[in-house]
Amino acid sequence: MALKSVFDSSVIRAEFDKAGINNRFIPLIWKYVIQNPDCNWEDIPSLPSSAYSLLRAKFKASTSVVHSVLKSNDGVTTKLLIKLQNGAFVESVIMRYDSSLGKLNGKPRPGGPRSTLCVSSQVGCKMGCTFCATGTMGFKNNLSSGEIVEQLVHASRLSTIRNIVFMGMGEPLNNYSSLVDAIRVMTASPFQISPRKITVSTVGIIHAINKLHNDVPNLNLAVSLHAPVQDIRCQIMPAARAFPLEKLMNALQEYQKKSQQKIFIEYIMLDGVNDEEQHAHQLGKLLEAFQVVVNLIPFNPIGSLSQFITSTNQKVTRFQKILRDIYDIRTTVRKEMGQDISGACGQLVVNLPDKRSISNAAPLTDIEDIRRQ
């Protein structure tokens, strides 16, 4: 039987309980492994003797390896191609920002450079969104919670990670138990990432949204809406047929009532499909009762697979202006990063590429800072 990742929290806790070993040793093991990637279990000091034999018999310090690291010419984006124990690959993307850019309550922001990690939750995806490269892979398998956490471990050795966004390969809420377990590890010792620095993106899996706040409170929720009416959603997001827009909005209303937090609305701009002025008005009316931040996302081409083209800058600006000026909805336009390494939104699909070089560029403002404005 394949050895489990030591970062599979529920598995290692159950094994320690069964062996009568105190769970307080688990964060110490994680910390040592993070700092010493090539360690043997015997190298970890001060564990009970029974812990060493258990770790040897059932766990690996890492079940995945970094196959390649691609550095974008934009100077701020790095994509990791990670090989899993079963031979499959997933991708993670490190995006570097400067949190001091922009203003907060009309004043200069505190902070400075730091990194956000975009993590994958599945190999492939079953949602089949027609504008997304990952959807062309089909669904292969869910990641274990350990495989999700190991993406953070690998990335942390390249950059200090402050924010995490579940916006990589897969639909996070379709891998619910692994997602929740992974977030609980990420927010505990030794990672200790604030839940408010973690964003989970979903196409709108209603039954999972209904329980998310109770299971992992204080997260940021991002919803891949992408259209203001059900028929357009179904055209570009086939899975939307299972999640009618009216029921989704009711679930989001209930989520916001419980969480008392803004919801991020992701909206990809597809020329002639969902980017006309009437669509902006429909979206404004749909969202005017919510506390939201709308993030307009320029469509990223996915090679010969593309059946769409990107909206013009003029259309994007007009769409943003309608939402802001008429409906008083905070609306941003996402700065695309890593297009040259297929690391931008909607471009994650497994290839086995050559490494590329990186050049210096100015740091960017992160969407994760918008929640405080």
Side-chain angles (χ1 to χ4, degrees), residues 2-16 21-48 51-69 71 78-85 89-97 113-121 143-166 168 172 178-199 216 219 368:
L3 297 178
K4 297 287 188 180
S5 168
V6 75
F7 293 99
D8 268 318
S9 173
S10 58
V11 177
I12 192 169
R13 289 182 192 281
E15 292 291 347
F16 270 41
I21 304 170
N22 195 315
N23 278 343
R24 71 180 177 84
F25 291 107
I26 295 173
L28 302 178
I29 295 168
W30 290 341
K31 183 176 181 180
Y32 193 90
V33 169
I34 293 165
Q35 295 173 343
N36 304 274
D38 298 320
C39 69
N40 295 313
W41 295 129
E42 287 75 11
D43 299 335
I44 305 175
S46 307
L47 297 181
Y52 295 108
S53 56
L54 178 59
L55 289 169
R56 279 194 305 270
K58 300 204 169 180
F59 294 96
K60 290 177 76 171
S62 182
T63 59
S64 61
V65 295
V66 177
H67 178 274
S68 58
V69 177
K71 297 180 178 181
T78 302
K79 184 168 75 171
L80 310 183
L81 183 63
I82 297 171
K83 187 175 183 179
L84 307 177
Q85 189 166 231
F89 290 85
V90 292
E91 295 180 332
S92 306
V93 181
I94 302 170
M95 299 161 286
R96 297 168 183 84
Y97 302 92
R114 79 288 179 281
S115 298
T116 289
L117 177 66
C118 177
V119 301
S120 294
S121 55
L143 299 188
S144 71
S145 62
E147 288 171 329
I148 295 173
V149 174
E150 283 178 17
Q151 294 172 67
L152 173 58
V153 175
H154 293 311
S156 297
R157 291 171 183 149
L158 299 177
S159 185
T160 300
I161 304 298
R162 196 189 77 170
N163 294 337
I164 295 173
V165 293
F166 283 84
S178 290
L179 170 75
V180 169
D181 281 353
I183 290 171
R184 287 173 176 166
V185 173
M186 292 170 173
T187 54
S189 178
F191 298 101
Q192 294 187 312
I193 293 174
S194 166
R196 296 183 183 276
K197 303 295 184 186
I198 298 177
T199 300
V216 274
L219 297 175
E368 295 307 295

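Computed from a predicted model, the values in this text were never measured in an experiment. Values below: every heavy atom of this structure, side chains too, minus hydrogens, waters and symmetry copies.
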Has [X] got a side-chain atom pairing as donor or acceptor with [Y]'s backbone, closer than 3.5 angstrom?
{"X": "Glu150", "Y": "Thr63", "result": "yes"}
{"X": "Tyr32", "Y": "Pro45", "result": "no"}
{"X": "Ser120", "Y": "Gly168", "result": "no"}
{"X": "Asp43", "Y": "Asn40", "result": "yes"}

Do [X] and [Y] make a side-chain contact, defined as non-hydrogen atoms from C-beta onward lying under 4.5 Å apart?
{"X": "Leu179", "Y": "Ser121", "value": "no"}
{"X": "Val165", "Y": "Met95", "value": "yes"}
{"X": "Trp41", "Y": "Leu47", "value": "no"}
{"X": "Leu152", "Y": "Phe7", "value": "no"}
{"X": "Gln151", "Y": "Leu143", "value": "yes"}
{"X": "Val149", "Y": "Asp181", "value": "no"}
{"X": "Thr160", "Y": "Arg114", "value": "no"}
{"X": "Pro190", "Y": "Ile34", "value": "yes"}

Distance, nearest 0.5 Å, that separates [atom1] of [X] from [atom2] of [Y]:
{"X": "Thr187", "Y": "Lys197", "atom1": "OG1", "atom2": "NZ", "value": "14.5 Å"}
{"X": "Leu80", "Y": "Cys118", "atom1": "CG", "atom2": "SG", "value": "11.0 Å"}
{"X": "Asn163", "Y": "Leu117", "atom1": "CG", "atom2": "CG", "value": "10.0 Å"}
{"X": "Ile21", "Y": "Tyr52", "atom1": "CD1", "atom2": "OH", "value": "11.0 Å"}
{"X": "Met186", "Y": "Ser9", "atom1": "CE", "atom2": "OG", "value": "11.5 Å"}
{"X": "Ile198", "Y": "Ile164", "atom1": "CD1", "atom2": "CD1", "value": "5.0 Å"}

> Hey, mind stepping through Ser159 and Arg96 against side chain to side chain contact (heavy atoms under 4.5 Å, CB included) and telling me if it holds?
Replying inline: CA-CA 9 Å; Ser159 185; Arg96 297 168 183 84; 4.2 Å; yes
Which atoms form the tightest heavy-atom contact between [X] and [Y], and what is the distance?
{"X": "Ala61", "Y": "Val6", "result": "O-CG1, 3.8 Å"}
{"X": "Val93", "Y": "Lys79", "result": "CG2-CG, 4.1 Å"}
{"X": "Gly146", "Y": "Ser5", "result": "CA-OG, 3.7 Å"}

>> Determine whether Val185 and Trp30 satisfy the following criterion, side chain to side chain contact (heavy atoms under 4.5 Å, CB included), listing intermediate values before the conclusion.
In response: CA-CA 10 Å; Val185 173; Trp30 290 341; 3.8 Å; yes
>> What I want to check is whether the side chains of Ser64 and His154 have a donor and an acceptor closer together than 3.5 Å.
In response: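 The criterion, which ignores hydrogens and geometry beyond distance, is satisfied for His154 and Ser64.
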> Between Ile44 and Leu28, does a side chain to side chain contact (heavy atoms under 4.5 Å, CB included) hold up when you go through it step by step?
Replying inline: CA-CA 9 Å; Ile44 305 175; Leu28 302 178; 5.9 Å; no
>> Is there a side chain to side chain contact (heavy atoms under 4.5 Å, CB included) between Phe59 and Ile29? Walk through the geometry before answering.
In response: CA-CA 12 Å; Phe59 294 96; Ile29 295 168; over 6 Å; no
> What residues form a side-chain hydrogen bond (donor to acceptor under 3.5 Å, both in side chains) with Lys58, not counting sequence neighbours?
Replying inline: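 With neighbours one apart ignored, the set is Glu15.
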